[in-house]
*Asks:* 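Here it is, the structure, as structure tokens.
Basis for what follows: all heavy atoms, side chains included, without hydrogens, waters or symmetry-related copies.
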Amino acid sequence: MTDDFLRLVSQANPAASQYQQANNGYPPSQSNNPYNDRSPQLMDPFFDDDDDNIADSAFGNPAVMKSQESNLPLAAAGASPAGHSKVTLGEGVPQGWNFDDDDLQPNSSQPFQGSGHFPGTKPEKPSAIKSLKSRKWKWPWAKEKELAGERLIALNNSAANSEFGSNFVSTSKYNLATFVPKFLFEQFSKYANLFFLFTACIQQIPGVSPTNRYTTIAPLAAVLLASAFKEMQEDLKRHQSDSELNARKAKVLTQQGTFAEKKWKDIEVGDVVRLESDDFIPADMLILSSSEPEGLCYIETSNLDGETNLKIKQASPHTASLTSPSLVNTLHGSLRSEQPNNSLYTYEGTLDLITNGGIPKQVPLGPDQVLLRGAQLRNTPWVYGLTVFTGHETKLMRNATSAPIKRTAVERQVNLQIIFLFILLLALSIGSTIGSSIRSWFFADAQWYLFETTTLGGRAKGFIEDILTFIILYNNLIPISLIVTMEVVKFQQAQFINWDLDMYYAKTDTPALCRTSSLVEELGQIEYVFSDKTGTLTCNEMEFKMCSIAGTAYADVVDESKRESEDGKDGWKTFAQMKTLLESANPFQDMPSTSSASLASEQEQDVVREFLTLLSVCHTVIPEIKNGKMVYQASSPDEAALVSGAELLGYKFTTRKPKSVFIEVWGQQQEYEILNVCEFNSTRKRMSTIVRAPDGKIKLYTKGADTVILERLSKNQPFTEKTLAHLEEYATEGLRTLCIAYRDISEQEYRQWSTIYDQAAQTINGRGDALDSAAELIEKDLFLLGATAIEDKLQDGVPDTIHTLQMAGIKVWVLTGDRQETAINIGMSCRLISESMNLVIINEENAQDTAEFITKRLSAIKNQRSTGELEDLALVIDGKSLGFALEKELSKVFLELAIMCKAVICCRVSPLQKALVVKLVKKNQKAILLAIGDGANDVSMIQAAHVGVGISGVEGLQAARSADVAISQFRFLKKLLLVHGAWSYRRLSKLILYSFYKNIVLYMTQFWYSFFNNFSGQIAYESWTLSLYNVVFTVLPPLVIGMFDQFVSARILDRYPQLYTLGQKNEFFTKTSFWLWVANALYHSLILYGFSVILFWGDLKLADGLDSGHWFWGTTLYLAVLLTVLGKAALISDIWTKYTVAAIPGSFIFTMVFLPLYAIVAPAIGFSTEYSGIVPRLWSSAVFYIVIFLVPVFCLARDFAWKYYRRTYMPSSYHIAQELQKYNIPDYRPRQEQFQKAIKKVRATQRMRKNRGFAFSQTENSRQDQAKIIRAYDTSKAHARPSGY
């Protein structure tokens, strides 16, 4: 390699700038430390803490690291945290945002304690106690202190770094210390549990409770234990996955120059770790050296930002030569690094090295040297990394939010209803107590046989005791079984989701997994779905699908309808036919008879050859042989797909050398000399390579977006019209297209241009623009060869799922780390953006422009809608503009605009921005939100939404572990929401309302009885029979309704997604429906009590002349209530299964058998004497049977009549759907849909002319120079790479 080339490479690397020695010797004194004069600042623990206006080094005054994007010092103009602007953000979160952990405490930076290579106090040998202290254990409620200043890490001196935290990571909700307080807080935030705790306490007061003192506390304890068991099971799974992660092994360098295997959790700051290809990175590290030339390495960050294209990282030239353990151990000095923060795209640090001659040297470091935890090393045999941040201080964990306690809307509503019922209970208790007081105060003389206290104090005490007695007597107005029943039903519904074979993915043997069963009913009320793109909507696979060459369309598989020529157009051909065409150049094969046909065929062959040569030569891909198979490593997956496509068609790219590439064509090696590479960027939208072909001719090969290529073609192009027609077809199918063009260049022209290009390359300020202008001079008069079409392969069923969700009234927002064009392309192909939608694209550079644009667009849309014009809109916003839009003064306006749009796409967003967008909607909209993603970059978004769904896919399981529900394919979301969600919501609504109803009916008869028993607190029913009402006799109907009821079938819910809006509008669980059920219960209790009293008036005389007695009447009324309540359950059941039969008629039959047995056995053993001798009298009485069968019929006649009237004259949408299901009425909509599809295709073609995507997704504005990086490789000498040992 020449010195010139090495100089060029070092110029391309920001870490390679020239370093100056310290003016005042080394180390610096405290006085000249630039951090000394700064007071500690308050900082938000969630956001980046870049230090402004601080020189990179405290030694001398070296030039501050510069960014190639802005040409400004990185300290002041580095990529702003999570896409925000520092001008508008200041140093923290967007103004007005409130996070739970905003209680900040300043803390000055820890002074460096010294090391073997630095003067200063020598650290003592750390004892076991001290090392425990260094773990920095803190109370769960303690706020994390924010560190200011810089972090000082000693190299090859672990003792000096013992103050830093460990690499242990925990994502669980509880630990041993926090389980009891957190769990109890969560449980007693349910008012029912709080109320029963209060009742249980009252029951312990002697002489107050009319019932046994343990009848409330025992069931409550059972409820809490069941909930605790469920919570522990769910959290143990999180602990298990954490343990697996913490126990992974990594190779850590020892002082002896060997590698020891350490668990991830034991890796410490300052450790040097050896990573090998496909390893996940265990902590945030700085790359010291690698197996690749110039210290390069490739990493995939899909877990961090969702992008699957490989990123290139490069070691500093000062450490790139340290390719063996012994050389790494010679590093002496320290690393001055920024403090831990959450900005994924920025980093500032300086290596203060001491050379062998004892001379200090500073090496500035930037984001290009940082390997982040969660990323994966790819296509690089090995890398040495110096650990900088560990555990919860890593940028990945700083972007994560703690697992929140999620509570559903239905639970909150139940809490409210319990408050209403408690107020009702208090009113009844006070009313009964007043009645009792009137009796004891005013009629004491008439009731002289009762011993009553006449003193004022005694009466006041009696009044209080009476209130407590009546509260205990009526406490079951609030059903204690409700919370348990809800938990059991939700758990079972979660099991149904787990067992659903329609949501089982056989390819990876992955069933759906509902991790948090308490949220199942929210799945039926979702209004917004926030989805990641890469890996969630797409498969992370790029595939070369089609191409158009010389006006002929080629595809791997050609549809029958496209084979034949229609309307004078040429038919499509297969790739096999293309190969045949190329092979027909063989002189031994028959030539076509006519000379004109022969000429046309030869011309087509030449164009095809040129086209395939361009695909195999014009790129920045590096070939690698793995396990005997050629693997292409590329910074853009599209590039790799094009090179693989060329290989498939017989043009195989085999070797890259610094100045040439080798391709294999039909078994023959050809060498193309690479003269220049004009790189792709988002303004150029194209890439060009100037090559010298094997025949000595110089050619310019260009590929790029159709708009830019068509402008640069020469006149009289033969294939433009046909190619454009094919491009339109490709774009309509959502494929990513590129135009392919070339031209021959004369030696003289190339020499003249080369001089201009070299001058541009030497420009110091504005080099990028100068190179673009130079490229513009030669990229002209091109000849169009054709176009390519790449499919960013969508997961199966994604377009249909998104379309169905939109029909169900769900708004889908896509939040992705990908580029704008890529995101729009995918939006089109997955039917998120339809042909009829108008795009609103926000892509501004500063806050003022963003605010102006959003305000103008919003007022324009409002004006248009006020005139009655309703057009569908799709909003597309990039990360930078989104940063401004999320600021307090603009966020409401932005949200108003976004809500008016049918689809929203946010591109280039950081993980934290994803969470902020979700929180913005959550805070300002009364809607239930669902977030779905597959990578660690989606975890904060998943936890911020009401319901989080993780895709257990290719990207690892970070998202699936943190989610409430894990599914393996996006298409399963349709059944999860539209079927399981809708059923769960409807079932729980019925269960809750019915549970309240059945308790009110029974316990209100007790209240009406108070008027007849002189408000004495006497109970109408035998006490154990009363207790068994909730626990045994009526426990099954709500359970069965909650588990098996289906208001319509899965088939109907899938066919009519509009039925889902019933859940969104909360139709089944409104305040009105609650009060109607309460009123109905009061009506039933009054009718039942009234009829029983009238029929038993003056007490019933039996055949033997004796009175029937209190328990005879009470048991008759009890059974009449039971039959009414079971009859009501039968009326509200939409589907009858064997379980429904067992629960409703079964419960009554069981009671009629159990009660007589209990009434005989209990008095016989002295357990309960009330039922003594009742069985022969009661079960042989005709009046008993008349009451228990006729009174319930009379009660339920009104309910039946109302049900008939409602369904016949005021039917709801689901009533009609039930009829369609019952009578199996056919649906004639498919014909209409075919017609709509035809219209859509026409519209799509018109629309795509305006907006077509192009297939490039390289790292935008990377600080590395692609051309220089590829010239660093010589794959013919792969065996000569260092082994790293």
Side-chain angles (χ1 to χ4, degrees), residues 226 230 408 410 414 479 481-504 511-512 514 517-525 965 975-998 1030-1056 1059-1060 1062-1063 1067-1069 1073 1077 1122 1125-1151 1203 1214-1215 1217-1222:
K230 185 179 101 55
T408 69
V410 169
V414 168
S481 61
L482 174 63
I483 305 296
V484 183
T485 311
M486 278 173 71
E487 291 288 338
V488 170
V489 162
K490 285 181 177 188
F491 178 76
Q492 190 54 47
Q493 285 170 352
Q495 290 302 317
F496 289 149
I497 291 170
N498 297 351
W499 297 337
D500 191 336
L501 284 175
D502 289 340
M503 295 199 292
Y504 168 74
C514 185
S517 58
S518 55
L519 301 174
V520 283
E521 77 274 18
E522 297 234 300
L523 293 169
Q525 298 176 278
V965 186
K975 186 161 190 193
L976 183 70
L977 300 188
L978 268 55
V979 178
H980 289 287
W983 279 348
S984 297
Y985 164 67
R986 177 67 172 133
R987 287 164 177 170
L988 268 159
S989 304
K990 264 190 198 175
L991 179 152
I992 294 162
L993 295 169
Y994 177 74
S995 296
F996 284 140
Y997 159 84
K998 71 184 178 68
N1030 272 324
V1031 181
V1032 177
F1033 301 146
T1034 63
V1035 74
L1036 285 179
L1039 271 177
V1040 169
I1041 287 169
M1043 286 182 198
F1044 302 107
D1045 200 53
Q1046 295 178 10
F1047 71 110
V1048 284
S1049 68
R1051 187 174 58 86
I1052 294 287
L1053 285 167
D1054 186 50
R1055 195 197 291 177
Y1056 302 104
L1059 287 170
Y1060 189 79
L1062 293 167
E1067 297 260 326
F1068 298 131
F1069 199 59
S1073 60
W1077 275 81
L1122 182 70
V1125 163
L1126 293 173
K1128 181 67 177 173
L1131 272 179
I1132 63 168
S1133 290
D1134 284 313
I1135 187 170
W1136 280 72
T1137 62
K1138 58 186 176 187
Y1139 305 107
T1140 321
V1141 174
I1144 298 173
S1147 289
F1148 187 70
I1149 293 163
F1150 172 77
T1151 310
K1203 187 175 179 178
Y1214 70 96
H1215 291 142
Q1218 284 171 344
E1219 283 185 40
L1220 288 171
Q1221 180 184 326
K1222 185 177 180 182

*Asks:* Distance check, rounded to the nearest 0.5 Å: Lys1128 atom NZ versus Leu993 atom CG?
*Replies:* 10.0 Å

*Asks:* Nearest 0.5 Å, please: how far is OG in Ser1073 from CD in Glu1067?
*Replies:* 10.0 Å

*Asks:* Can you confirm whether Ile1132 sits close enough to Lys1203 that some side-chain heavy atom of one is under 4.5 Å from a side-chain heavy atom of the other?
*Replies:* no

*Asks:* Should the pair Phe1150 and Phe1033 be assigned to parallel (<30°), tilted (30 to 60°) or perpendicular (>60°) ring geometry?
*Replies:* tilted

*Asks:* Rounded to the nearest 0.5 Å, how far apart are CG of Leu988 and OG of Ser995?
*Replies:* 10.0 Å

*Asks:* Begin with the C-alpha distance, continue with both residues' side-chain angles, and end with the deciding distance and a verdict on side-chain contact (heavy atoms from CB on, under 4.5 Å) for Leu991 and Met486.
*Replies:* CA-CA 8 Å; Leu991 179 152; Met486 278 173 71; 3.8 Å; yes

*Asks:* Sequence neighbours left out, what passes side-chain contact (heavy atoms from CB on, under 4.5 Å) with Trp499? Give chain and number order.
*Replies:* Gln492, Gln495, Phe496

*Asks:* So, the side chain of Tyr985 versus the backbone of Phe1068: is there a donor-acceptor pair under 3.5 Å, distance only?
*Replies:* yes

*Asks:* Where is the tightest heavy-atom contact between Ala1217 and Ile1052, given as atom of each residue plus distance?
*Replies:* CB-CG2, 3.8 Å

*Asks:* To the nearest 0.5 Å, what is the distance between OH (Tyr994) and OG1 (Thr485)?
*Replies:* 11.5 Å

*Asks:* Applying ring-ring contact (aromatic ring centres under 6.0 Å, His included) between Phe1044 and each of Trp983, Tyr1139, Trp1136, report the one that passes.
*Replies:* Tyr1139

*Asks:* Taking all non-hydrogen atoms of both residues into account, name the closest pair between Gln525 and Gly1063 and its distance.
*Replies:* CG-O, 3.3 Å

*Asks:* Any non-hydrogen side-chain atom of Val1125 less than 4.5 Å from a side-chain atom of Tyr997?
*Replies:* yes

*Asks:* Search all heavy atoms of Gly1042 against all heavy atoms of Gln493 and return the closest pair with its distance.
*Replies:* O-NE2, 2.8 Å

*Asks:* Any side-chain to backbone donor/acceptor pair from Asn498 onto Cys514? Under 3.5 Å, distance only.
*Replies:* yes

*Asks:* Please report the shortest heavy-atom distance between Ser1147 and Leu1036, naming the atom on each side.
*Replies:* OG-CB, 4.1 Å

*Asks:* Under the criterion side-chain contact (heavy atoms from CB on, under 4.5 Å), I'd like the reasoning laid out for Ile497 against Leu523: C-alpha separation, chi angles, the key distance, then a yes or no.
*Replies:* CA-CA 11 Å; Ile497 291 170; Leu523 293 169; 4.0 Å; yes

*Asks:* In Å, rounded to the nearest 0.5 Å, how long is the span from CD of Gln1046 to CZ of Arg987?
*Replies:* 6.0 Å

*Asks:* To the closest 0.5 Å, what do you measure between CG (Asp1045) and CG (Asp1134)?
*Replies:* 5.0 Å

*Asks:* On a heavy-atom basis, which atom in Asn1030 and which in Val1035 lie closest, and how many Å separate them?
*Replies:* O-CB, 3.5 Å

*Asks:* Could you check Leu1122 against Phe1148 for side-chain contact (heavy atoms from CB on, under 4.5 Å), going step by step and ending with a plain yes or no?
*Replies:* CA-CA 8 Å; Leu1122 182 70; Phe1148 187 70; 4.2 Å; yes

*Asks:* Taking the side chain from Gln1218 and the backbone from Phe1047, do they hold a donor-acceptor pair closer than 3.5 Å?
*Replies:* yes

*Asks:* Is it the case that the side chain of Lys975 and the backbone of Met503 share a donor-acceptor pair, with hydrogens and angles ignored and the cut-off at 3.5 Å?
*Replies:* no

*Asks:* Go through Lys490 and Glu521 one step at a time and tell me if the salt bridge (charged side-chain N to carboxylate O under 4.0 Å, His left out) criterion holds.
*Replies:* CA-CA 8 Å; Lys490 285 181 177 188; Glu521 77 274 18; 3.4 Å; yes

*Asks:* Give a yes or no answer on whether the side chain of Lys990 reaches the backbone of Ile1041 with a donor-acceptor pair at less than 3.5 Å.
*Replies:* no

*Asks:* Could you pull out the closest heavy-atom pair between Ala982 and Leu978, with the gap in Å?
*Replies:* CB-O, 3.3 Å

*Asks:* Check step by step if side-chain contact (heavy atoms from CB on, under 4.5 Å) holds for Tyr1056 and Val1048.
*Replies:* CA-CA 10 Å; Tyr1056 302 104; Val1048 284; over 6 Å; no

*Asks:* Is the closest side-chain heavy-atom distance between Leu482 and Val414 below 4.5 Å?
*Replies:* yes

